[in-house]
Amino acid sequence: MQKSIKLIVLFILTFCFSANAQDSLKAKNLLDQVSLKVRSYNNIVLDFKYTVVNADQNLHQESKGNVALKGDQYVLNIMGITRIYDGSKVYNIVPEDEEISISTFDDQKTDELTPAKMFTFFNVGYKYTWDITQNIKGRKIQYIKLKPLDKNNTTKEVLIGIDLQTKHIYNLLKIDKDGTKTTFTINSFKTNQPLSKNHFTFTEGKYPNYYINRLD
């Protein structure tokens with residue numbers, strides 16, 4: 001009798017392990033399709049909504065913005081600030097203060113989720129789980145749950161919503177261990193736009209009266 005019970009338990013554990021492995025593989029496969037689709041475009045232009053909430057800290061911030069991406073380069077506009085990354089340096093332009101800060105960006109020394117990383121950050125360092133499917137405004141959105149493998153990571157989990165028809169990211173929800181919830185929702189996703197060749201280039205002459213702070 002005990003031997004039969006052990007066999008049943010072993011079968012259940014084996015089945016669960018196999019199901020979880022298939023579940024993880026299915027999730028990773030969908031994320032790979034997202035990355036592959038993004039790399040096929042010459043450029044991407046997004047309009048988005050950005051929300052940060054933490055009830056314990058009485059924090060609720062909401063803003064809208066837009067970003068143009070080409071490879072690692074981007075031009076981000078949010079909360080009245082323009083940020084340009086030309087592949088080497090970051091330029092933060094603040095019209096309200098007429099100030100510009102310039103610094104070198106080292107991708108290896110920061111965990112910052114930049115616009116360019118949004119479509120690739122999940123490729124390494126996470127455990128994947130196939131999550132719920134939702135119908136949002138006639139679009140079938142499949143969620144993938146990511147949990148950091150590094151226990152020291154301040155992120156508890158990330159949910160990525162993917163449009164199953166286009167293989168584009170619809171939204172992203174990041175939940176930190178301190179309870180902070182950051183939501184990024186893409187309202188408009190355009191590709192291969194007619195951007196000028198200097199779109200991702202900072203031109204100092206456009207800001208004659210600005211104070212320029214060179215940080216390195």
Side-chain angles (χ1 to χ4, degrees), residues 20-21 23-32 34-35 38 44 46-67 69 71-85 87-94 101-132 134 141-162 168-187 213 215-216:
N20 288 337
D23 180 80
S24 178
L25 186 62
K26 185 167 62 170
K28 181 65 167 62
N29 181 55
L30 181 57
L31 290 172
D32 287 344
V34 171
S35 295
V38 166
I44 299 173
L46 308 175
D47 289 325
F48 62 85
K49 178 181 174 182
Y50 184 79
T51 306
V52 182
V53 177
N54 188 313
D56 294 337
Q57 299 177 15
N58 197 28
L59 172 65
H60 188 109
Q61 296 178 344
E62 186 174 301
S63 57
K64 293 182 179 180
N66 60 75
V67 61
L69 298 153
D72 291 333
Q73 299 175 313
Y74 62 83
V75 177
L76 170 67
N77 295 291
I78 188 170
M79 299 177 70
I81 298 173
T82 296
R83 187 177 196 183
I84 300 173
Y85 177 55
S88 175
K89 291 186 177 294
V90 176
Y91 305 85
N92 287 306
I93 305 166
V94 188
S101 65
I102 304 175
S103 62
T104 301
F105 180 77
D106 189 343
D107 186 55
Q108 303 302 315
K109 293 185 178 180
T110 180
D111 293 327
E112 181 182 356
L113 184 57
T114 65
K117 282 184 177 180
M118 197 187 88
F119 300 104
T120 59
F121 79 94
F122 45 75
N123 287 332
V124 292
Y126 290 90
K127 177 183 177 182
Y128 311 101
T129 306
W130 193 263
D131 209 82
I132 63 171
Q134 290 186 337
I141 307 298
Q142 176 62 54
Y143 283 90
I144 304 296
K145 182 180 289 185
L146 284 69
K147 287 187 175 291
L149 297 176
D150 183 359
K151 294 181 179 180
N152 295 322
N153 196 315
T154 58
T155 300
K156 179 182 177 182
E157 63 184 31
V158 180
L159 275 170
I160 299 179
I162 299 167
H168 293 164
I169 291 178
Y170 167 72
N171 65 355
L172 183 151
L173 171 63
K174 183 168 77 77
I175 303 173
D176 292 334
K177 291 176 181 176
D178 68 356
T180 302
K181 296 181 180 179
T182 303
T183 306
F184 183 92
T185 304
I186 297 174
N187 297 319
N213 184 15
L215 301 177
D216 51 29

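Predicted model, so just to flag it, every value in this text is computed and none were measured.
Taking the side chain to side chain donor-acceptor pair (under 3.5 Å) definition, one finds that Thr180 meets it with Asn54, Asp178, sequence neighbours left out. Under the ring pair (Phe, Tyr, Trp, His ring centres under 6.0 Å) criterion, Tyr126 pairs with Phe121, not counting sequence neighbours. By the salt bridge (charged side-chain N to carboxylate O under 4.0 Å, His left out) test, Lys156 pairs with no residue at all, sequence neighbours left out. For Asp47, the salt bridge (charged side-chain N to carboxylate O under 4.0 Å, His left out) test picks out no residue, with sequence neighbours left out. Phe48 pairs by the ring pair (Phe, Tyr, Trp, His ring centres under 6.0 Å) definition with Phe184, not counting sequence neighbours.
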Quiz item: Should Ile162 and Leu31 be marked as a side-chain contact (heavy atoms from CB on, under 4.5 Å) after you check the CA-CA gap, both sets of side-chain angles, and the distance that decides it?
Solution: CA-CA 8 Å; Ile162 299 167; Leu31 290 172; 3.8 Å; yes

Exercise. Apply the test side-chain contact (heavy atoms from CB on, under 4.5 Å) to residues Thr183 and Tyr50: give CA-CA distance (whole Å), side-chain angles for both, the deciding distance (0.1 Å), then the verdict.
Key: CA-CA 6 Å; Thr183 306; Tyr50 184 79; over 6 Å; no

Self-check item: side-chain contact (heavy atoms from CB on, under 4.5 Å) assessment of Tyr143 paired with Gln134
Solution: CA-CA 8 Å; Tyr143 283 90; Gln134 290 186 337; 3.6 Å; yes

Practice problem: Report the C-alpha separation of Asn187 and Lys49 in whole Å, then their side-chain angles, then the decisive distance to 0.1 Å, and conclude whether the side-chain contact (heavy atoms from CB on, under 4.5 Å) test is met. | Solution: CA-CA 7 Å; Asn187 297 319; Lys49 178 181 174 182; 3.9 Å; yes

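Using a 4.5 Å heavy-atom threshold, the side chains of Leu146 and Lys127 count as separate. Between Leu30 and Lys28, every side-chain heavy-atom pair lies at or beyond the 4.5 Å cut-off.
Closest approach of Lys145 to Glu157, counting heavy atoms only: CD-OE1, 3.8 Å. Between Thr82 and Asn77 the shortest heavy-atom distance is OG1-OD1, 2.6 Å.
Annotation: the span from Leu172 atom CG to Thr182 atom OG1 amounts to 9.0 Å, rounded to 0.5 Å. From Leu159, atom CG reaches atom CG of Leu173 across 5.5 Å, with rounding to the nearest 0.5 Å. Here the CG-CG distance, from Leu76 to Asn92, works out to 9.0 Å after rounding to the nearest 0.5 Å. Annotation: the span from Gln73 atom CD to Tyr85 atom OH amounts to 8.5 Å, rounded to 0.5 Å. Of the inter-residue distances, the one linking Ile144 atom CD1 with Ile132 atom CD1 reads 11.0 Å to the nearest 0.5 angstrom. To the nearest 0.5 Å, the span separating CD1 on Ile44 from CD1 on Ile186 amounts to 8.5 Å.
Under the 3.5 Å distance criterion, the side-chain polar atoms of Gln142 are matched with a main-chain donor or acceptor of Asp131. Side-chain atoms of Ser35 come within 3.5 Å of backbone N or O of Phe119 as a donor-acceptor pair.
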Side-chain donor-acceptor distances from residues 55-64 under 3.5 Å, at least two apart:
none

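Looking only at atom types and distance, the side chain of Lys177 has no donor-acceptor partner in the side chain of Thr154 under 3.5 Å away. In the model, Asn213 has no side-chain atom that pairs as donor or acceptor with a side-chain atom of Ser101 under 3.5 Å.
Exactly one of Ile84, Ile81, Ile102 qualifies for a side-chain contact (heavy atoms from CB on, under 4.5 Å) with Ile93. That residue is Ile84.
At most 12 non-hydrogen atoms from other residues, nucleotides or ligands lie less than 6.0 angstrom from NZ of Lys181.
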